[in-house]
Amino acid sequence: MADNVTTTHYQHLAPTYRLVVAGKDITPKLSARLESLSLTEGRENQADQLDLVLLDHDGQVIIPSKEAEIELYIGWEGQPLIDKGSFVVDEVEHSGAPDKLTIRARAADMGGEIRTRQEKSWHSTTLGNVLAEIAKRNSLTHKVDQALAAIKVAHLDQTNESDMHFITRLARKHDAVATVKKKHLLFMPINGTKNSKGQSLPVVTITRADGDQHRWATSARDAFDGVRAWWSNSVNGKRKEVIAGKKTRNMKTLKETYASEQDALEAARSEMQRLERGGATFTLSLAIGRPEITAQSPIAVRGFKPEIDGQDWLVKEVTHRMDGGSGWTSQVQMERGGNAGE
């Protein structure tokens, strides 16, 4: 059972942050120049992104070199700051007047060798062994969910694709989340609500009073009773079907033909889980931000419609933003299926 984190009111607290470059805290030098700080965290195949806008009215701001590494910590004064990871400078822009420097940095461990195209085949192994080998050649520690690690792999090809792309493809196939942070590869079920260390994320409870805007949506257009996948029988060459969910007229059929019944069933189950999660979406704008919320955080909400309050929500993407010391705000995008309160 995940611990519950109830809403804390931050009205009387001041937002704060810490930026560290090459082991040195550069926050005091930037505090008077910081116009805005924005951090976007997600679970898709995109690196977490840090955007900084600095005032350069006197021309004294030094343009950082590309590949410079920045560590970010955010929170509220009087409370422990939350480590949001390391970022590598990817884009820099100077504009004016008034003169400003915009720095865009992406999660540090999403570049380098893990983005280099590779060729590799695996035979008669497990998913855990495949991921362990990829982690080793990228000098990463790793943690893989036990059930996912045990999945048997008869044959698997990595053909002219980067390790990051390959890992992400495996994650989609098995309805998992794959992240690389602080030299650590995590591969967990999406509904597992784990952080980069494999620890259970606490359920965050948000009330109607915490947000200034919300948007809930559901659609029957993408609602299916089941998912069909085809696999090719190597003995007689005939195609056979497998079904995840219910076999009705309202089924989604996957385009790919899989090499085995097991592969087809795993793909169908993963797609069914994605469809169930995406059956409803919920976006919240929090005027008083919650820096502890991250991708994969399970969320419980109170004070909305019964159809909203009655759902477990899972964070798909969150953007934390601070403008000119006015306070932290958080934009939270959620989908159904966070297993809150279990």
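- In terms of hydrophobic clustering, with Ile, Leu, Val, Met, Phe, Trp and Tyr side chains grouped at heavy-atom distances under 4.5 Å, Ile151 and Leu156 are assigned to a common cluster.
- Side-chain atoms of Thr283 and Gln333 include no donor-acceptor pair closer than 3.5 Å.
- The minimum heavy-atom distance linking Leu140 with His184 is given by the pair CD2-N, 4.2 Å.
- Scanning for ring pair (Phe, Tyr, Trp, His ring centres under 6.0 Å) contacts around His155 gives His123, with sequence neighbours left out.
- Evaluation of the ring pair (Phe, Tyr, Trp, His ring centres under 6.0 Å) rule for Phe304 yields His214, Phe282 as partners, not counting sequence neighbours.
- Contact record, Leu127 with Phe187: CD2-CE2, 3.9 Å, taken as the closest heavy-atom pair.
- Remark: Arg104 does not engage Glu93 in a salt bridge, criterion side-chain N to carboxylate O under 4.0 Å.
- Closest non-hydrogen pair, His142 versus Ala132, comes out as NE2-CB, 3.6 Å.
- Remark: Arg269 CZ is loosely packed, at most 12 non-hydrogen atoms of other residues, nucleotides or ligands lying under 6.0 Å away.
- Residue Asp263 comes nearest to Ser260 through the heavy atom pair N-OG, 3.1 Å, listed as atom of the first residue, atom of the second, then distance.
- A donor-acceptor pair under 3.5 Å is formed between the side chain of Arg117 and the backbone N or O of Asn160.
- Between Arg290 and His320, the shortest heavy-atom distance links the atoms O-CE1, 3.0 Å.
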